[in-house]
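Note sheet for the following structure.
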2 protein chains.
Amino acid sequence: MGEYQCSCNGCELRSLFFENLEKGAYESMCAKKQQQLYPKGSLIYRQGEKISHFSYLKSGLVKLVRNIDDKNEQIICFARPLDFVSLLSIFSETCHQYSVIALEDSEICSLYLDEVKEMAMQNGRFALSLAEKINRASDNIILTMLNIRQRRLLGRIAYILLYFANEVYKSDVFDMPVSRKEIAEFIGMTTENVIRTLSEFRQDKIIKINGKTIEIADKEKLVQISLNA
Amino acid sequence: MGEYQCSCNGCELRSLFFENLEKGAYESMCAKKQQQLYPKGSLIYRQGEKISHFSYLKSGLVKLVRNIDDKNEQIICFARPLDFVSLLSIFSETCHQYSVIALEDSEICSLYLDEVKEMAMQNGRFALSLAEKINRASDNIILTMLNIRQRRLLGRIAYILLYFANEVYKSDVFDMPVSRKEIAEFIGMTTENVIRTLSEFRQDKIIKINGKTIEIADKEKLVQISLNA
DNA sequence: AGAAAGGCATGATAAATATCAGGACATGAT
DNA sequence: ATCATGTCCTGATATTTATCATGCCTTTCT
């Protein structure tokens, strides 16, 4: 029996496990991983479902969504690789508080939650490290919500444009992964006003819009708007 | 040397430690606790300070506040006993992300963070239990922020009135622990509009106001407003 | 006591945002 | 091919909220 080699060399979560688990424990955990590809638009978890897995995003982009009623949704956050997908309530609730939906083709790696918990109980260092990461994710959500709350329409749109450019795509030209409606659900304004504001930015030559592609043409001005509106 | 008896019989955090720590570890931790009384209005932690203690609220009421600039503040949440005070970033950041201020005379019990962390590393069950509690606190903050975001002025005021009545004071008559300005900072509206709305509720006989004392006179209507506005 | 500052209150007006309506365009289903 | 659906877009209007101004009352400071 040859030694097991984890195939996930690019997986950022490795460090978490590596640094804190015995080699044997790490490998047995890794061996049981279930990897799955969710195409763009597909539902990864449904709000209310039982949480059975500890999941993390290897590639792609997802949104966390809260269903208020039949018609209305709130987007809690967008999550990229390294942000855990089932992050929010994994240790505190038995059911998913939010739905998770793929915005781009996304690879999810899952481990049985029971086993991760078991491992955490046996290894405090691992548990603490896990808590740290989950904590940070929650913190970021709260901080972003506060940042959005303190801005008005224009500032909120500027903020989210800068978020995608700086945090997600690391480029001032990118394909907008979300619809105007989704932006509205994220910043808590109406779809019409999101559209209007983007048009306004286009007319003021702050951004260029070409189909799904957005180019930030005047970043300085966009930053100004994000700070002052 | 007689056996050490923890004096904090009413402390809800006991269970967390009790269930998960060896008696010796629990007692040595408990023996080092620092208990302090913060009078109403006093600063417990200042945003930006280094986090040195693991703290929890034994009695009283506090607010978590984010200073945006010289003049403007955002209130993140109110915390009662059982909610940890230094909860948000305790494992993920080295500095307090928010200030904590006493709204009522408050007793805080503190343990050295390093020691709690050390203990968590040595005891996975304890670490997991801690993570669970901190996780739940973050979840609640996020949920409350989403609940407020989906409402408009009247709904937000109704929501916070019901929050104090149902969650904090468990009574439809209570002394409002926060100013109109603080309500405004919490719900993200202006002070004038908070005042106006409360007056409106008073005129519509939904609440009675007598100095600091609020009485919810027509709870059914208040719930309706909270759901529809 | 008197002054200063802050909380509470209300009105008038301005600004921001939502709602409603309509149309162009793309996409997917039948 | 055609229909239905959904997204993007714009304008007109209504609603909601913020801002500005003012006054009263209480508390705090001196």
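Proteins get letters first, then strands, A, B, ... in listed order; numbering begins at 1 in each. Atom set for the values below is all heavy atoms of this structure, side chains included, hydrogens, waters and symmetry mates excluded.
- Spacing between atom CD of A:Q203 and atom C1' of D:dC8 amounts to 14 Å, rounded to whole angstrom units.
- Salt bridge status for B:R66 with B:E73: absent, with no side-chain N to carboxylate O gap under 4.0 Å.
- Distance, A:I183 CD1 to D:dT7 P: 13 Å, rounded to whole Å.
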I'd like a table of atom pairs between the protein and nucleotides 11-20 of chain D - only N or O on both sides, under 3.5 Å - with the distance next to each one.
residue	atom	partner	partner atom	Å
D:dG11	N7	A:R196	NH1	2.9
D:dG11	O6	A:R196	NH2	3.4
D:dT17	OP1	B:L153	N	2.9
D:dA18	OP2	B:T190	N	3.3
D:dA18	OP2	B:T190	OG1	3.3
D:dA18	OP2	B:N193	ND2	2.6
D:dT19	O4	B:R196	NH2	2.9
D:dC20	N4	B:E192	OE2	3.4

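- For the pair B:R180 CZ and D:dT26 P, the interatomic distance rounds to 14 Å; values are reported in whole Å.
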Apply side-chain hydrogen bond (donor to acceptor under 3.5 Å, both in side chains) to A:S55 and A:Y45, showing your working. CA-CA 10 Å; A:S55 302; A:Y45 293 119; 2.3 Å; yes

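- When heavy atoms are screened at a 4.0 angstrom cut-off, B:R156 is found touching no nucleic acid atom at all.
- When rounded to the nearest whole Å, the span between NZ of B:K181 and P of D:dT27 equals 18 Å.
- Heavy-atom minimum distance, A:P81 versus A:S59: CG-CA, 3.7 Å.
- Ring orientation note: the planes of A:F164 and A:F174 are tilted relative to one another, at an angle of 30° to 60°.
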Please test A:I183 against A:I157 for side chain to side chain contact (heavy atoms under 4.5 Å, CB included), starting from the C-alpha separation and ending with a verdict. CA-CA 8 Å; A:I183 295 177; A:I157 304 285; 4.3 Å; yes

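- Counted by atom type alone, A:Y56 and A:S110 present zero donor-acceptor pairs between their side chains at under 3.5 Å.
- Between A:D172 and A:K219, at least one side-chain nitrogen of the basic residue sits less than 4.0 Å from a carboxylate oxygen of the acidic one, meeting the salt-bridge criterion.
- In this model, no donor atom of one side chain and acceptor atom of the other lie less than 3.5 Å apart for B:D105 and B:Y38.
- Protein chain A touches strand DNA chain C; the 5'-most and 3'-most nucleotides with an atom under 4.0 angstrom of its non-hydrogen atoms are C:dA16 to C:dC20.
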